[in-house]
Amino acid sequence: MLTSKQRSNLRSIAQKIQPITQVGKLGVNDALIDSLDKAIEKRELIKITVLENSDLLPREAGEQIAEKLGAEFVCATGRKLVFYRRSLNEKIEHIEF
């Protein structure tokens, strides 16, 4: 569980990154989760976009993805979602709080 200060720090870092994928009309499926799992393991912090043709509201999609990834749902700003999970890979530069 993230504190409000950690969440704020992650939001400020996330402003500078581009979304890596989109949730569309297929919703949250296994292929999406697999690709997000690989990305979050390499980056620790990822941003995605929920398209308007998606059946899910951004917050609903965020909660589903966070649960399936075992990640923290940092925030939803409009249709952009941010997730954080500390990587087990020691070769990458970890986000410090």
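Keep in mind that what you see is a predicted model, and the values were worked out from it rather than measured.
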Side chain to side chain contact (heavy atoms under 4.5 Å, CB included) between His94 and Glu44, intermediate numbers included: CA-CA 7 Å; His94 295 288; Glu44 292 191 333; 2.5 Å; yes

Test side chain to side chain contact (heavy atoms under 4.5 Å, CB included) applied to Lys47 and Gln18, step by step: CA-CA 7 Å; Lys47 184 190 286 189; Gln18 294 295 315; over 6 Å; no

Would you please test Ile65 and Ile48 for side chain to side chain contact (heavy atoms under 4.5 Å, CB included) and show each step? CA-CA 11 Å; Ile65 292 168; Ile48 66 170; 3.5 Å; yes

Mind running side chain to side chain contact (heavy atoms under 4.5 Å, CB included) on Ile33 and Val28 for me, showing each step along the way? CA-CA 7 Å; Ile33 296 299; Val28 180; 3.7 Å; yes

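Looking at heavy atoms from C-beta onward, Ile95 lies in side-chain contact with Leu10 at the 4.5 angstrom threshold. In this structure, the side chains of Arg59 and Phe73 come closer than 4.5 Å at one or more pairs of heavy atoms. Within the 4.5 Å cutoff, side-chain heavy atoms of Arg11 are placed close to those of Val74. With contacts defined as side-chain heavy-atom distances shorter than 4.5 Å, the pair Cys75/Arg7 does not qualify. Leu51 has its side chain out of reach of Val23: every pair of non-hydrogen atoms, C-beta onward, lies at least 4.5 Å apart.
Closest non-hydrogen pair, Leu32 versus Gly27, comes out as CD2-O, 3.9 Å. The two residues Leu81 and Pro58 come nearest to each other via the heavy atoms CD2-O, 3.4 Å. Among all heavy-atom pairs drawn from Asn9 and Ser12, the shortest one is O-OG, 2.7 Å.
Residues Leu45 and Phe83 are members of separate hydrophobic clusters, defined by side-chain heavy-atom contacts under 4.5 angstrom among Ile, Leu, Val, Met, Phe, Trp and Tyr. Ile40 and Ile17 are assigned to two separate hydrophobic clusters, defined by single-linkage of ILVMFWY side chains at heavy-atom distances under 4.5 Å. Note on Leu36: it does not cluster hydrophobically with Tyr84, by side-chain heavy-atom contacts below 4.5 Å among ILVMFWY residues. Cluster annotation: Ile46 is not connected to Ile92 through the hydrophobic network of ILVMFWY side chains, with a link wherever side-chain heavy atoms come within less than 4.5 Å.
Between the side chains of Ser87 and Glu41, at least one donor N or O lies within less than 3.5 Å of an accepting N or O.
Between Asp30 and Lys68 no salt bridge is recorded (no basic side-chain N to carboxylate O distance below 4.0 Å).
Thr3 contributes a side-chain N or O that, together with a main-chain N or O of Gln6, makes up a donor-acceptor pair within less than 3.5 Å.
Here Gln64 contributes atom CD and Asn29 contributes atom CG; the two are 11.0 Å apart, rounded to the nearest 0.5 Å. In this structure, CG in Asn89 is found 6.5 Å from NZ in Lys91, a value given to the nearest 0.5 Å.
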